[in-house]
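Both ligands and their constituent atoms are indexed starting at 1 by order of listing.
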Amino acid sequence: MKFSLEGRTYVVMGVANKRSIAWGIARSLHEAGARLIFTYANERFEKPVKDLVSTLEGQDALFYECDVTNDEAVDATFQQIGEDVGTIHGLAHCIAFADKEDLKGEFVETSRDGFLLSQNISAFSLVAVTRAAEKLMTEGGSIVTMTYLGGERVVQNYNVMGVAKASLDASMKYLANDLGKRNIRVNAISAGPIRTLSAKGIGEFNSVLKQIEEKAPLRRTVTQEEVGDTAYYLMSDLSRGVTGETIHVDSGFNILG
Ligand code: NDP
Ligand code: N5H
């Protein structure tokens, strides 16, 4: 039995399908008794997300469309959430995007537009949603974002996303400093590679997984459930003294030289 999150409401952003890391987080929070709110990028994803959530027994979830590149959409979404539920206790930001062309070859070839696009969706969006969501965290709260090792060091092909994750990681720390006085914590989970829709079609992904199986201390890859349970810890009072932190859920791969 988990430490209960009954009576608490969490916003989960970035469920695309059942393989999404956001879905692992949603299931873990649901198991702890939390009420969930889901956002998706556009109405195309409304039905698939609703169908998925209908499999969570007894979950009285709410759904909103929210394209994070649009300030008005972000503000309107959180204003509506405020009107519908009042207080929220946390938010899981599981959103990233880069042009496929920028995820191969040499980083030096990155275009200005490609660079700004990935920064906009993958890093600035955390700032935008935090600013809108914190107004609803009247009892304190916990914000969790998803990052990857490629923001700390050079990982082949991650390129423009690595620079966006470095920006996200720094944003997470500045936000943690701003919001700490209102008892709102901001942390990141650095996940090892997981086969999701985003990872689909990325060249060399299989060899990245194989490298983890051969070299990571745990000699295996991680699952959405394992990331979900760490997000649950960060959302719960178990982590009440933790903010501005990055927890690696990566079978220990990051400690290797
Ligand atoms: P998914 O493809 O399942 O999720 C990516 C999500 O980003 C989608 O739900 C997509 O929404 C959303 N998104 C993209 N653009 C926008 C936008 N403009 N507005 C709102 N939402 C948007 O992949 P993952 O679960 O793998 O990715 C989740 C997070 O985890 C990302 O930050 C990723 O970088 C990170 N991560 C992933 C790892 C992995 O190996 N998979 C490893 C480490 C970190 P929609 O479907 O509605 O378009
Ligand atoms: C070193 C690697 C492998 C190479 C780099 C992969 C980077 C992936 C991240 C971004 C977010 C993927 C991405 O934007 C794909 C899009 O161009 C195309 N896909 C889509 O549009 C789908 C339909 C939608 C749902 O995707 C999004 N994002 O909206 C890194 C890997 C080992 C680990 C990894 C996969 C990290 C990560 O950040 O996801």
I need the contact type for M146 against ligand 2. Using non-hydrogen atoms and a strict under-4.0 Å cut-off, is it side chain, backbone, both or neither? neither
The answer for which part of Y148 has a heavy atom under 4.0 Å from ligand 2 is side chain
Against ligand 1, does [X] come closer than 4.0 Å with any heavy atom?
| X | answer |
| --- | --- |
| A199 | no |
| G192 | yes |
| R195 | no |
| S125 | no |

Kindly say whether E57 contributes a backbone atom to a donor-acceptor pair with the side chain of H30 at under 3.5 angstrom? yes
For the backbone of S239 and the side chain of R185, can you confirm whether one donor and one acceptor N or O come within less than 3.5 Å of each other? yes
State the atoms of ligand 2, each with its element, that fall below the 4.0 Å cut-off from a heavy-atom position in I202. 3 (C), 4 (C), 5 (C), 6 (C)
Which of the numbered atoms in ligand 2 are under 4.0 angstrom from any heavy atom belonging to P193? 32 (C)
If you count the atoms of ligand 1 from 1 in the order shown, which ones are under 4.0 Å from a heavy atom of G14? 4 (O), 6 (C), 8 (C), 9 (O)
Against heavy atoms of V15, which atoms of ligand 1 measure under 4.0 Å? 9 (O)
Part of [X] within contact of ligand 1 (heavy atoms, under 4.0 Å):
| X | answer |
| --- | --- |
| T145 | neither |
| I95 | both |
| T196 | side chain |

For atom 2 (O) of ligand 1, closest protein heavy-atom neighbour: S198 OG, 2.8 Å
Can you tell me which residue and heavy atom of the protein come closest to atom 34 (C) of ligand 2, and the distance to 0.1 Å? Y158 CE1, 4.3 Å
Should R131 and E134 count as an ion pair when the cut-off is N to O under 4.0 Å? no
When you check the gap from the basic side-chain N to the acidic O, do K173 and D169 get nearer than 4.0 Å? no
Is G150 close enough to touch ligand 2? Criterion: a residue heavy atom under 4.0 Å from a ligand atom. no
Any heavy atom of E204 sitting closer than 4.0 Å to ligand 2? no
Geometric N/O contact A41 with ligand 1, under 3.5 angstrom: yes
Please indicate whether any nitrogen or oxygen in I21 is less than 3.5 Å from any nitrogen or oxygen in ligand 1. yes
Could you tell me whether the side chains of D67 and T69 share a donor-acceptor contact shorter than 3.5 Å? yes
